[in-house]
Amino acid sequence: MGRDTIADIITSIRNADMNRKGTVRIASTSITENIVKILLREGFIENIRKHREGNKYFLVLTLRHRRNRKGPYRTILNLKRISRPGLRIYSNSQKIPRILGGMGIVILSTSKGIMTDREARLEGIGGELLCCIW
């Protein structure tokens with residue numbers, strides 16, 4: 001059985017956010033780079049750096065945190081994996097779910113690459129629902 005790299009990314013980011021870590025290091029693949037670029041563009045993370053150790057590449061993500069807040073800590077990122085290797089979930093452009101009435105995003109894998117739900121609706125194409133973030 002193979003590893004689910006998208007679930008690994010989501011879990012790493014969620015764990016780092018819950019533990020108030022500033023950075024996360026994840027393995028670099030073409031899918032992970034595209035997903036992380038979407039997270040950066042949508043404002044869920046602050047910065048991306050590509051790091052090399054030996055012959056392997058890693059992405060170092062700088063997470064956004066609310067600084068100088070008093071009271072209980074609430075996570076900023078909520079991530080959920082939708083489609084997984086055991087159960088693939090596909091949707092056409094009309095049935096792509098809206099997260100919190102458009103406040104969150106759904107990341108899709110389409111025939112034109114990995115994109116957000118808004119971009120897919122504008123293009124009029126559907127695809128595999130990878131994950132949702134709010």
Side-chain angles (χ1 to χ4, degrees):
M1 295 181 73
R3 290 182 44 172
D4 187 8
T5 57
I6 299 169
D8 291 343
I9 295 168
I10 291 171
T11 304
S12 298
I13 293 173
R14 186 185 310 122
N15 289 342
D17 189 45
M18 287 190 328
N19 291 325
R20 301 183 190 190
K21 301 286 184 192
T23 60
V24 181
R25 191 178 92 162
I26 58 174
S28 177
T29 63
S30 61
I31 294 173
T32 59
E33 286 181 14
N34 290 330
I35 291 174
V36 168
K37 285 177 187 175
I38 290 174
L39 291 176
L40 179 67
R41 189 175 64 227
E42 295 290 328
F44 290 106
I45 59 176
E46 283 186 11
N47 193 11
I48 305 170
R49 286 184 292 128
K50 197 163 189 177
H51 181 67
R52 182 178 179 184
E53 285 184 11
N55 60 354
K56 294 184 180 178
Y57 286 96
F58 295 96
L59 295 174
V60 179
L61 313 177
T62 306
L63 300 179
R64 298 184 76 178
H65 289 289
R66 291 179 286 172
R67 295 174 182 85
N68 301 326
R69 294 279 176 130
K70 293 189 166 91
Y73 180 76
R74 290 183 51 222
T75 58
I76 295 175
L77 290 174
N78 291 307
L79 300 107
K80 184 180 177 189
R81 179 84 158 112
I82 299 174
S83 180
R84 49 181 215 247
L87 178 64
R88 303 286 187 189
I89 298 176
Y90 299 93
S91 176
N92 60 14
S93 63
Q94 291 86 23
K95 294 185 180 179
I96 297 173
R98 293 185 190 272
I99 306 300
L100 294 177
M103 295 292 289
I105 62 169
V106 176
I107 298 177
L108 292 99
S109 176
T110 66
S111 59
K112 295 186 178 180
I114 294 177
M115 59 179 66
T116 64
D117 56 342
R118 282 178 244 129
E119 294 169 349
R121 282 190 200 97
L122 287 174
E123 295 279 333
I125 56 176
E128 181 182 357
L129 305 175
L130 298 178
C131 61
C132 62
I133 300 128
W134 68 95

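Linking Ile, Leu, Val, Met, Phe, Trp and Tyr residues whenever their side-chain heavy atoms come within less than 4.5 Å places Met103 and Ile82 in a single cluster. Transitive grouping of hydrophobic side chains (ILVMFWY, heavy atoms separated by less than 4.5 Å) keeps Met115 and Ile89 in distinct clusters. Each of Tyr90 and Ile6 belongs to its own hydrophobic cluster when Ile, Leu, Val, Met, Phe, Trp and Tyr are linked at side-chain heavy-atom distances under 4.5 angstrom. A continuous path of Ile, Leu, Val, Met, Phe, Trp and Tyr side chains, each step under 4.5 Å between heavy atoms, connects Leu39 with Ile48, placing both in one hydrophobic cluster. Under the 4.5 Å side-chain heavy-atom criterion for Ile, Leu, Val, Met, Phe, Trp and Tyr, Tyr57 and Ile45 are members of distinct hydrophobic clusters.
Across all non-hydrogen atoms, the minimal contact from Trp134 to Phe44 is C-CE2, 4.4 Å. Looking at every heavy atom in both residues, Thr110 comes nearest to Gly126 through CG2-O, 3.5 Å. The shortest heavy-atom contact between Ser93 and Ala120 is CB-O, 4.4 Å.
Scanning for side chain to side chain donor-acceptor pair (under 3.5 Å) contacts around Ser12 gives an empty result, with sequence neighbours left out. Applying the salt bridge (charged side-chain N to carboxylate O under 4.0 Å, His left out) criterion to Lys50, with sequence neighbours excluded, gives Glu33. Arg41 is linked by a side chain to side chain donor-acceptor pair (under 3.5 Å) to Glu119, counting only residues two or more places apart in sequence or in another chain.
Between the side chain of Asp17 and the main chain of Ile13, no donor-acceptor pair closer than 3.5 Å is present. Distance alone, capped at 3.5 Å, places no donor-acceptor pair between the Arg84 side chain and the Asp4 backbone. Under a 3.5 Å cut-off, the side chain of Arg64 and the backbone N or O of Gly43 do form a donor-acceptor pair. Within the 3.5 Å criterion, the main-chain N or O of Leu59 finds no donor-acceptor partner in the side chain of Ser28. In this structure a side-chain-to-backbone donor-acceptor pair under 3.5 Å is missing from Arg20 to Gly22.
Leu63 CG to Thr23 OG1: the interatomic distance, rounded to the nearest 0.5 Å, is 7.5 Å. One distance of note links CD1 of Ile107 with CD1 of Ile35; it measures 5.5 Å at 0.5 Å rounding.
Other residues, nucleotides and ligands place no more than 12 heavy atoms under 6.0 Å from the CZ atom of Arg98.
Contact check for Ile99 versus Ile105: no side-chain heavy atoms found under the 4.5 Å cut-off. Side-chain atoms of Glu42 and Ile133, non-hydrogen and from C-beta on, never get closer than 4.5 Å to each other. A 4.5 Å side-chain heavy-atom check between Val106 and Cys132 finds at least one atom pair inside the cut-off. Side-chain contact between Leu130 and Arg81: present, with at least one pair of heavy atoms (C-beta onward) separated by less than 4.5 Å.
Evaluated for a side-chain contact (heavy atoms from CB on, under 4.5 Å) with Val36, the options Ile26, Ile31, Val24 yield exactly one hit, Ile26.
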